[in-house]
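Computed from a predicted model, the values in this text were never measured in an experiment. Numbered from 1 within each chain, the chains take letters A, B, ... in sequence-line order.
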4 protein chains.
Amino acid sequence: MTQAAQRPLRADARRNRERVLEGAREVFAEHGRDAQMDDVAKRAGVGVGTVYRHFPTKEALVAALAVSLFEKVLQAGRDALEHEDPWEALTNALWTGGETLSSDRAFTEIVGQAEVPFSPELQTEMYEVYSTLLDRAKASGDLRPDIVMDDIPMFMCGIGMATVKPHCCPNAWRRHLTVLIDGLRADNASGPLPS
Amino acid sequence: MTQAAQRPLRADARRNRERVLEGAREVFAEHGRDAQMDDVAKRAGVGVGTVYRHFPTKEALVAALAVSLFEKVLQAGRDALEHEDPWEALTNALWTGGETLSSDRAFTEIVGQAEVPFSPELQTEMYEVYSTLLDRAKASGDLRPDIVMDDIPMFMCGIGMATVKPHCCPNAWRRHLTVLIDGLRADNASGPLPS
Amino acid sequence: MTQAAQRPLRADARRNRERVLEGAREVFAEHGRDAQMDDVAKRAGVGVGTVYRHFPTKEALVAALAVSLFEKVLQAGRDALEHEDPWEALTNALWTGGETLSSDRAFTEIVGQAEVPFSPELQTEMYEVYSTLLDRAKASGDLRPDIVMDDIPMFMCGIGMATVKPHCCPNAWRRHLTVLIDGLRADNASGPLPS
Amino acid sequence: MTQAAQRPLRADARRNRERVLEGAREVFAEHGRDAQMDDVAKRAGVGVGTVYRHFPTKEALVAALAVSLFEKVLQAGRDALEHEDPWEALTNALWTGGETLSSDRAFTEIVGQAEVPFSPELQTEMYEVYSTLLDRAKASGDLRPDIVMDDIPMFMCGIGMATVKPHCCPNAWRRHLTVLIDGLRADNASGPLPS
DNA sequence: TATGAATGAGCATTCATTCAT
DNA sequence: GATGAATGAATGCTCATTCAT
């Protein structure tokens, strides 16, 4: 009942929340983290007040944006787990994740800043999914054995960086990732990674 | 004599300029490009006016910082040209350049933003030096033949990114570069780079 | 209805705009163009931000002030056109305009500086109204025939100047204008004006 | 002796003082009271320190400028006393004073600001000279009898104002003064001045 | 004594956030 | 709830003045 009474409102609110997030994505992609809340509101077609109703601070809005991207990368990992071949699975995750990141300048800006708070659940699942991918690829002998979970975001950020530079060809990140993946192969390792 | 009479003033001013640059380097490294001019002044132990005497705007100060790093990377390239072995030369340049970049969060912040105006001379020399390094390494068959000059800054930025993430171990960028370099070897190329 | 629903906001904003203009008028009258935006805000009883919402820069605020006075002077001219007697009409315009100018030190400050941008429409109407006044008074033989439109602001500024000098009696400008008007009579012309 | 020993220095210093004043005159004429001390120094070909050696504050420098003009106007009055004809004498003073003022935008700017402190001696002599001119012209029946000493600076400022407006013809102030002088004639007075 | 580099209070302007409508 | 006008702390920059050389 209460549910029934509230649903219309919630649908409205949810739609608004989405519009704000979408507007924020666009505006942050264009202007980086210097984008202004007023511009987000304008792009979303709502008043600033509405932005603040859904996200208490600018920081919270940025965090929400980060989470939404984080989740896409996580999903890329989950999907990749389906692949039989461990190396195929890992590289698939990296390519899909790269695609996501490269399409969103905001992400790099955001992750470039410290302290983006992802929920423990999200982090745990991320850790588990990607650890599994890494472990399998190590077990099959395809992946350098000393790669660790913490190296992954670092690689991903490199990709994001490739996206930011405006003079690069749109494939820049793909070149970057190609080299990186070749470097990840166990066979190609010139030696152990510094620890 | 006239020289001796003039030098003290200039020496003082030059010293102050250095102090400002050094202070700026520290402050920007700590707070990124949001660092405040007043803080730069405080760190340098001078008044804000002095900062502005040497650098007309915040933008100019940041640019000066970028140039000073750019020149270090260029120097790394020049030095590397001395090496007999082409592959040795290239990787040496990358390692030395990486060392420079990784020690300075500001650089990544700066390069992450578009429009850093380096002088044409600087850019030209940079291009020539690194092109030579690449060409030699390609000629000797060590480097993937389809690597181009434009890929270099992209790789470097990836390194910078590795430095920014605060939770990474101090060797993070070295792990990144190790993988990258292994991926650059002609022998390890799984295929051509997307163009 | 929709009107009624929207008006309150606009009415509020408009009221605030007026308060800002009024505050600015007072503060600029007191401190000249060196008056500070914060003081304008304080006098208007609003935050600085509100001042800036209505006038994007200090310059724009000053210009708005100038326009508002300019319009009063124009209105003085329009009203004067009603008078039958051409000389009566002209002197009336001058007296009324003088009254306006003398009450506002800011205007003199502003006009004393070059480059006050009045809209072409405003300037055109000003020109037409005062030219008519002059032509009529010349035609009736009351006014010196070689007076031209460009002389008018000059005379007016003289009045403004009389107002600025703080040691003058409040009637100073009236003494000034009295002499001036007597000098404008065709009968009193000792010779042609230098061109 | 001490005198003899100091004179060379004084000559130097006096020359510098003049250079500063001259530079200030030029710079204030160009940029009005917003002119900067550094610019004055540059124009005078000296360091700022030297400007400050001769004039303790910007205010003092501006005052000195005002005094120098004030003295020219005073001199114009003194010279005019030589004329036999009282009306000739008065108008001559006005024309010569006008010439001086009109050549110096700075003066208007300066006098436009309140509180320019002239020495009592200067003020007294000014008062005496011009009062004499006025009294003689009243006695001969040429000048409106209710003109008082305080009206003079006001008229002069009107002239200064005519000079400031950049779009006016160079003779603008002469037109203004012509009208004014015609208005000063006793015969042309339409009535008493408001008091 | 002259110089001009250094100083820092002061001011215009911005923008995240609040709150009356 | 939604709106956008209002708020004011924060920040880049200026310029009169000081002082080490």
Side-chain angles (χ1 to χ4, degrees), chain A residues 9-10 12-13 16 34-42 45-61, chain B residues 5-17 20 34-42 44-59 61, chain C residues 5-17 20 34-42 44-59 61, chain D residues 9 12-13 16 34-42 45-59 61:
Chain A
L9 283 173
R10 284 209 173 165
D12 227 50
N16 258 336
D34 287 342
Q36 295 160 29
M37 295 299 267
D38 276 13
D39 287 339
V40 169
K42 211 165 291 170
V46 301
V48 236
T50 303
V51 176
Y52 275 91
R53 170 159 304 276
H54 292 288
F55 306 95
T57 62
K58 184 180 185 178
E59 202 185 351
L61 174 57
Chain B
Q6 283 187 332
R7 258 183 197 161
L9 276 175
R10 296 215 168 152
D12 225 52
R14 206 172 297 164
R15 179 178 301 272
N16 257 332
R17 196 192 138 95
V20 169
D34 286 343
Q36 297 158 29
M37 293 300 267
D38 278 12
D39 286 340
V40 170
K42 215 165 287 170
V46 301
V48 229
T50 302
V51 176
Y52 278 94
R53 166 169 288 271
H54 291 289
F55 305 96
T57 61
K58 183 179 185 178
E59 200 185 353
L61 174 57
Chain C
Q6 284 187 332
R7 259 185 197 159
L9 275 175
R10 295 218 170 150
D12 226 50
R14 206 173 297 166
R15 176 177 303 270
N16 258 331
R17 198 193 136 95
V20 168
D34 287 342
Q36 297 157 32
M37 293 299 267
D38 277 11
D39 287 340
V40 169
K42 213 164 290 169
V46 302
V48 229
T50 301
V51 176
Y52 277 92
R53 166 169 288 272
H54 292 287
F55 305 96
T57 61
K58 184 180 183 176
E59 201 184 351
L61 175 56
Chain D
L9 284 173
D12 228 49
N16 257 337
D34 286 342
Q36 294 160 29
M37 294 300 266
D38 277 13
D39 287 338
V40 169
K42 209 165 291 168
V46 301
V48 234
T50 302
V51 175
Y52 275 91
R53 170 160 303 277
H54 292 287
F55 306 95
T57 63
K58 184 181 185 177
E59 202 186 350
L61 174 57

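- Spacing between atom CG of A:Asp34 and atom P of E:dC15 amounts to 8 Å, rounded to whole angstrom units.
- Distance CZ (B:Arg17) to P (E:dA5): 13 Å, rounded to an integer number of Å.
- In this structure, C:Ala35 reaches the sugar-phosphate backbone alone: every heavy-atom distance under 4.0 Å involves primed, P, OP1 or OP2 atoms, never a base.
- Distance NZ (B:Lys42) to C1' (F:dA10): 13 Å, rounded to an integer number of Å.
- In terms of phosphate contacts, A:Asn16 brings no side-chain nitrogen or oxygen within less than 4.0 Å of OP1 or OP2 of F:dG1.
- One distance of note links CE of B:Met37 with NZ of B:Lys42; it measures 13.5 Å at 0.5 Å rounding.
- Across all strands shown, B:Val48 has heavy atoms under 4.0 Å from base atoms, whether or not it also approaches the sugar-phosphate.
- The two residues C:Ala44 and C:Val20 make their nearest non-hydrogen contact at CB-CA, 3.8 Å.
- The side chain of A:Arg53 lies closest to F:dA2, out of E:dA5, E:dT7, F:dA2.
- Whole-Å rounding puts the A:Asp38 CG to F:dA6 P distance at 13 Å.
- As rounded to whole Å, 4 Å separates atom P of F:dC13 from atom OH of B:Tyr52.
- Side-chain proximity of A:Gln36 to the nucleotides E:dT13, E:dT17, E:dC15 is greatest for E:dC15.
- Nucleotide F:dA20 forms a pair with E:dT3, judged by Watson-Crick or G-U wobble geometry with both contacts under 3.5 Å.
- Side-chain N/O atoms of D:Thr50 include one lying less than 4.0 angstrom from OP1 or OP2 on E:dT3.
- In terms of position along DNA chain F, the nucleotide closest to C:Val46 lies nearer the 5' end than the nucleotide closest to the other residue of the pair C:Val46 and D:Met37.
- Residue-level contact check: D:His54 touches neither bases nor backbone, having no heavy atom under 4.0 Å from any strand.
- Atoms CZ (B:Phe55) and P (F:dT14) sit 15 Å apart, rounded to a whole Å.
- In this structure, the NZ atom of B:Lys58 is 12 Å from the C1' atom of F:dA10, given to the nearest Å.
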